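From a predicted model like this one, the values you see are computed outputs, not experimental measurements. Remember, it's 1-based here, ligands and their atoms both numbered in the order they're listed.
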Amino acid sequence: MNKRGSSISVLDFGATWYEYRLARHDQTTQNVLLNEPDIAHYLNNPFYLGATIGRVTGRIKNGRFTLGGKQFQLQQNEGATTLHGGPHGFAYLQWEGTILSTDEGDNYLQFSRQVDQSLDGFPGTMTVTVTYSLSEDDIVDITYQAICDTDTLFSPTCHAYFNLNKDNQDIRNHDIKSNAQFVEALDEEHVPNGILAPIDNDMYDYRNFKNVGQAIKSIIDSNHGAGIDDTFLTPAGADVTIRDQESNLTLQTTADRNGVTIFTANGFTPTMQTNKGAGKPFLGIAVEPHILSNAINLEGFGNMILKAGVNQTYHARYHVSEGV
Ligand code: FUC
């Protein structure tokens with residue numbers, strides 16, 4: 001908790017971000033993350049609510065890649081595809097948690113653990129830490145750090161879903177803005193096929209604020225999916241803003257990666273019991289910064305290789321503040 005009275009809470013299973021509770025100007029507090037109050041749901045978390053994703057976010061075609069002249073076959077968990085690190089990805093692991101604090105009074109929560117090839121199929125034994133911090137002005141910084149004894153892949157993200165409503169409405173009343181000018185084109189298995197499609201005044205054009213409900217509708221109407229579930233090229237880092245004029249809140253996401261996936265909870269089912277009621281499509285919106293999906297198999301899509309012995313750090317920052 002910071003001095004303003006805002007707080008975050010996390011779960012050690014999946015190094016999961018559970019709650020982001022803001023102290024509002026009207027003296028109330030409001031949690032802006034979608035979560036499942038029955039913690040047991042997180043053991044089987046098919047939509048990765050709040051989870052840390054790794055070693056690699058997004059989809060790897062056929063769960064296969066070549067590194068240092070060697071071919072690796074990962075475990076597949078979505079047909080032939082390896083999604084979000086596979087069946088033993090970060091989201092499904094128990095992490096070791098520690099509370100850290102500094103003289104400045106900032107709040108830090110750190111998770112750490114080791115993963116190795118016998119667990120998740122990615123090469124090498126990797127030590128990972130995920131550190132959540134909450135600043136005095138309510139900025140949540142998530143720092144991902146990893147080092148591995150061989151060359152491997154590392155492209156983590158945060159799979160938190162936001163819902164800025166005060167009540168249980170879904171996120172179709174929110175607006176989205178992003179400078180992205182290209183989106184990854186997908187094959188029939190929803191895996192990026194190596195084409196970066198230019199965005200031009202179409203359903204993916206969020207250069208001016210666009211209503212999320214309208215964005216979803218135009219994707220559905222043109223048979224491009226069941227809502228937003230796309231990865232955008234963001235060379236200057238994820239630059240996504242989501243606002244809700246009803247609750248007067250704005251979420252700003254920044255990161256140091258070349259891509260961001262926007263996912264509007266398409267396909268959520270009533271088997272989920274969330275803090276916003278039974279699961280249904282569009283109950284939350286995830287803003288997931290990472291290196292472009294399937295980049296390891298595509299030329300010029302970004303570098304997710306972590307060289308042996310190199311200590312790699314990435315950040316993702318989320319800031320919800322009063323005003324639109
Ligand atoms: C997102 C999407 C996927 C998936 C998952 C829960 O990152 O890209 O399609 O359904 O999260």
Side-chain angles (χ1 to χ4, degrees), residues 14-17 33-36 41-61 63 76-92 142 144 155-163 170-171 176 178 180 183-193 197 203-204 212 215-216 219-220 223-234 238 240 242 253 255 257-269 271-272 274 279-298 301-302 304 316 318:
T16 300
W17 189 11
L33 289 193
L34 196 65
N35 63 31
E36 299 204 49
H41 281 288
Y42 287 87
L43 296 173
N44 169 21
N45 184 5
F47 288 100
Y48 300 90
L49 241 68
T52 295
I53 307 296
R55 299 186 201 189
V56 173
T57 302
R59 293 178 168 84
I60 297 179
K61 183 74 185 167
Q76 295 134 313
N77 58 339
E78 190 188 59
T81 305
T82 299
L83 169 68
H84 290 338
H88 303 285
F90 293 176
Y92 299 117
I142 310 173
Y144 306 92
S155 176
T157 199
C158 166
H159 214 300
Y161 292 85
F162 293 83
N163 184 324
D170 67 48
I171 49 82
I176 183 169
S178 161
V183 61
E184 285 194 284
L186 305 171
D187 67 15
E188 61 295 335
E189 288 172 314
H190 210 82
V191 182
N193 61 10
M203 63 196 136
Y204 299 117
V212 172
I216 289 171
I219 287 172
I220 294 173
N223 284 323
H224 271 77
I228 310 176
D229 182 2
D230 292 280
T231 304
F232 298 83
L233 175 71
T234 55
V240 180
I242 310 279
T253 306
R257 263 64 64 71
N258 73 341
V260 65
T261 297
I262 309 288
F263 178 55
T264 47
N266 322 332
F268 268 29
T269 59
T271 50
M272 304 165 74
T274 80
K280 56 180 181 185
F282 320 130
L283 208 46
I285 184 163
V287 182
E288 316 158 37
H290 58 96
I291 294 154
L292 287 175
S293 188
N294 201 30
I296 190 63
N297 291 315
L298 305 171
F301 274 55
M304 56 171 72
Y318 297 94

Undergrad: Only one of Thr82, Asp187, Thr81 passes side chain to side chain donor-acceptor pair (under 3.5 Å) with Lys61; say which it is.
TA: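 Answer to the side chain to side chain donor-acceptor pair (under 3.5 Å) test with Lys61 among Thr82, Asp187, Thr81: Asp187.
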Undergrad: Asn163 side chain to Leu34 main-chain N or O, any donor-acceptor pair under 3.5 Å?
TA: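 The answer is no, because no donor-acceptor pair under 3.5 Å joins these two groups.
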Undergrad: Mind listing the N or O contacts between ligand 1 and protein, cut-off under 3.5 Å?
TA:
{"residue": "ligand 1", "atom": "7 (O)", "partner": "His84", "partner atom": "NE2", "Å": "2.9"}
{"residue": "ligand 1", "atom": "7 (O)", "partner": "His159", "partner atom": "NE2", "Å": "3.2"}
{"residue": "ligand 1", "atom": "7 (O)", "partner": "Glu288", "partner atom": "OE1", "Å": "2.8"}
{"residue": "ligand 1", "atom": "7 (O)", "partner": "Glu288", "partner atom": "OE2", "Å": "3.0"}
{"residue": "ligand 1", "atom": "8 (O)", "partner": "Arg59", "partner atom": "NH1", "Å": "3.4"}
{"residue": "ligand 1", "atom": "8 (O)", "partner": "Asp229", "partner atom": "OD1", "Å": "2.6"}
{"residue": "ligand 1", "atom": "9 (O)", "partner": "Arg59", "partner atom": "NH1", "Å": "3.4"}
{"residue": "ligand 1", "atom": "9 (O)", "partner": "Arg59", "partner atom": "NH2", "Å": "2.7"}
{"residue": "ligand 1", "atom": "9 (O)", "partner": "Asp229", "partner atom": "OD1", "Å": "3.4"}
{"residue": "ligand 1", "atom": "9 (O)", "partner": "Asp229", "partner atom": "OD2", "Å": "2.5"}
{"residue": "ligand 1", "atom": "11 (O)", "partner": "His84", "partner atom": "NE2", "Å": "3.3"}
{"residue": "ligand 1", "atom": "11 (O)", "partner": "His159", "partner atom": "NE2", "Å": "2.8"}

Undergrad: Give, for atom CD of Gln76 and atom CG of Leu83, the distance between the pair rounded to the nearest 0.5 Å.
TA: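 Here the interatomic distance stands at 12.0 Å.
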Undergrad: Please table the atom pairs, donor to acceptor, closer than 3.5 Å between any side-chain atom in residues 48-60 and protein atoms at least two apart or in another chain.
TA:
{"residue": "Thr52", "atom": "OG1", "partner": "Ala15", "partner atom": "O", "Å": "2.7"}
{"residue": "Arg55", "atom": "NE", "partner": "Asp120", "partner atom": "OD2", "Å": "2.9"}
{"residue": "Arg55", "atom": "NH1", "partner": "Pro123", "partner atom": "O", "Å": "2.8"}
{"residue": "Arg55", "atom": "NH1", "partner": "Thr152", "partner atom": "OG1", "Å": "3.0"}
{"residue": "Arg55", "atom": "NH2", "partner": "Asp120", "partner atom": "OD1", "Å": "3.2"}
{"residue": "Arg55", "atom": "NH2", "partner": "Gly124", "partner atom": "O", "Å": "3.1"}
{"residue": "Thr57", "atom": "OG1", "partner": "Ser155", "partner atom": "O", "Å": "2.7"}
{"residue": "Thr57", "atom": "OG1", "partner": "Thr157", "partner atom": "N", "Å": "3.3"}
{"residue": "Arg59", "atom": "NE", "partner": "Glu78", "partner atom": "OE1", "Å": "2.7"}
{"residue": "Arg59", "atom": "NH2", "partner": "Glu78", "partner atom": "OE2", "Å": "3.0"}

Undergrad: For Glu189 and Gly79, indicate whether the former's side chain and the latter's backbone hold a donor-acceptor pair under 3.5 Å.
TA: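 Not at all, since once roles are kept as given, no pair shorter than 3.5 Å links the two residues.
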Undergrad: Between Tyr204 and Ile219, is there a donor-acceptor pair closer than 3.5 Å when you use the side chain of the first and the backbone of the second?
TA: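 A pair under 3.5 Å: no.
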